[in-house]
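A short write-up of the structure that comes next.
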Amino acid sequence: MTDPRDTAIGPQDCLVAIMVAISASDENIRTAELVKIQAAINMLPVFADYDSDRMRTAAQIVFDLFEEEDGLDALFALVRANLPERLYETAYALACDVAAADGTLAETELRLLEEMRYELNIDRLHAAAIERGARARHLT
């Protein structure tokens, strides 16, 4: 197997990887989460020039890393190395939207969001605002 860290990935791949990671964190990728990921890729300006066929590659990197003992640390190292810092809050916002898409937040998703806040150095007040917005968008 090729080491996922050797694969060249761009900032948009990192955003997709973050969304896939939060979706896969509870070991059950739900349809609502996949729809949210696809909608983000189709609609958001940050993905304007993104080749959506790369989504599979980004997802496979996450799955491969999650098989490793220190895979989560490796994922965050990969993201920090390839995602501009100005997009860290965007990554967190996308993760919150995907986590909220199915109407429930599993404990594993909450723990991963907490880890993302730490690893991406998201200010607690900014994180709370992002989380509040995600919750408001996904209320039924």
Side-chain angles (χ1 to χ4, degrees):
M1 177 174 85
T2 305
D3 189 335
R5 290 161 287 209
D6 293 338
T7 306
I9 68 167
Q12 293 130 326
D13 295 318
C14 291
L15 294 174
V16 171
I18 288 290
M19 291 189 287
V20 170
I22 195 70
S23 179
S25 66
D26 61 358
E27 298 181 2
N28 188 4
I29 299 175
R30 291 176 173 74
T31 302
E33 294 167 338
L34 289 174
V35 168
K36 181 59 73 177
I37 293 169
Q38 193 63 54
I41 291 169
N42 290 339
M43 304 297 284
L44 295 178
V46 73
F47 292 107
D49 62 350
Y50 186 64
D51 177 4
S52 61
D53 292 338
R54 290 191 51 82
M55 183 178 150
R56 185 179 315 259
T57 301
Q60 192 59 55
I61 289 170
V62 172
F63 300 144
D64 290 347
L65 287 173
F66 276 12
E67 293 292 318
E68 296 181 17
E69 185 175 333
D70 295 325
L72 191 56
D73 291 336
L75 175 64
F76 285 123
L78 192 65
V79 168
R80 282 192 307 271
N82 294 287
L83 184 67
E85 194 172 328
R86 66 182 175 79
L87 293 177
Y88 284 7
E89 285 183 348
T90 301
Y92 188 68
L94 291 170
C96 287
D97 278 347
V98 171
D102 64 358
T104 61
L105 287 171
E107 188 64 36
T108 53
E109 290 172 315
L110 292 170
R111 281 196 308 269
L112 183 54
L113 287 171
E114 181 180 359
E115 185 73 13
M116 284 180 187
R117 286 192 303 269
Y118 173 77
E119 293 288 341
L120 299 177
N121 198 26
I122 306 292
D123 175 81
R124 187 64 198 124
L125 187 58
H126 294 174
I130 291 167
E131 292 159 8
R132 179 75 178 192
R135 190 178 93 199
R137 280 188 298 281
H138 293 91
L139 282 176
T140 56

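Small disclaimer: the values here were computed from a predicted structure and weren't measured.
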Worksheet item: Excluding sequence neighbours, so at least two apart, what forms side-chain hydrogen bond (donor to acceptor under 3.5 Å, both in side chains) with E109?
Response: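 Partners of E109 under the side-chain hydrogen bond (donor to acceptor under 3.5 Å, both in side chains) test: none.
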
Using every non-hydrogen atom in the two residues, find where [X] and [Y] come nearest and quote the distance to one decimal.
X    : Y    : answer
M55  : Y50  : N-OH, 3.5 Å
I18  : A91  : CG2-O, 3.6 Å
A100 : L105 : N-CD2, 4.1 Å
L75  : A21  : CD2-CB, 3.7 Å
A58  : D13  : CB-O, 3.7 Å

Worksheet item: Passes side chain to side chain contact (heavy atoms under 4.5 Å, CB included), R54 versus Q12? Steps please.
Response: CA-CA 9 Å; R54 290 191 51 82; Q12 293 130 326; over 6 Å; no

Listed by chain and number, what are the side-chain contact (heavy atoms from CB on, under 4.5 Å) partners of [X], not counting sequence neighbours?
X    : value
E85  : Y88
A93  : I130
R132 : R135

Worksheet entry | NZ/NE/NH1/NH2 to OD/OE distance under 4.0 Å, K36 and D97 |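 No, this pair does not count.
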
Practice prompt. Please lay out, stage by stage, how L72 and L112 fare under the test side chain to side chain contact (heavy atoms under 4.5 Å, CB included).
Written response: CA-CA 9 Å; L72 191 56; L112 183 54; 3.6 Å; yes

Side-chain donor/acceptor pairs under 3.5 Å, residues 40-48, sequence neighbours excluded:
unit_1 : atom_1 : unit_2 : atom_2 : d
N42    : OD1    : Q38    : NE2    : 3.3
N42    : ND2    : Q38    : O      : 3.3

Discussion item. Please say yes or no: joined through hydrophobic side-chain contacts below 4.5 Å, possibly via intermediate residues, are I37 and V35 part of one cluster?
Written reply: no

Enumerate donor-acceptor pairs with a distance under 3.5 Å from any side-chain N or O in residues 120-128 to protein atoms, sequence neighbours excluded.
unit_1 : atom_1 : unit_2 : atom_2 : d
D123   : OD2    : L125   : N      : 3.0
D123   : OD2    : H126   : N      : 3.2
R124   : NH1    : E131   : OE2    : 3.4
H126   : ND1    : E89    : OE2    : 2.8

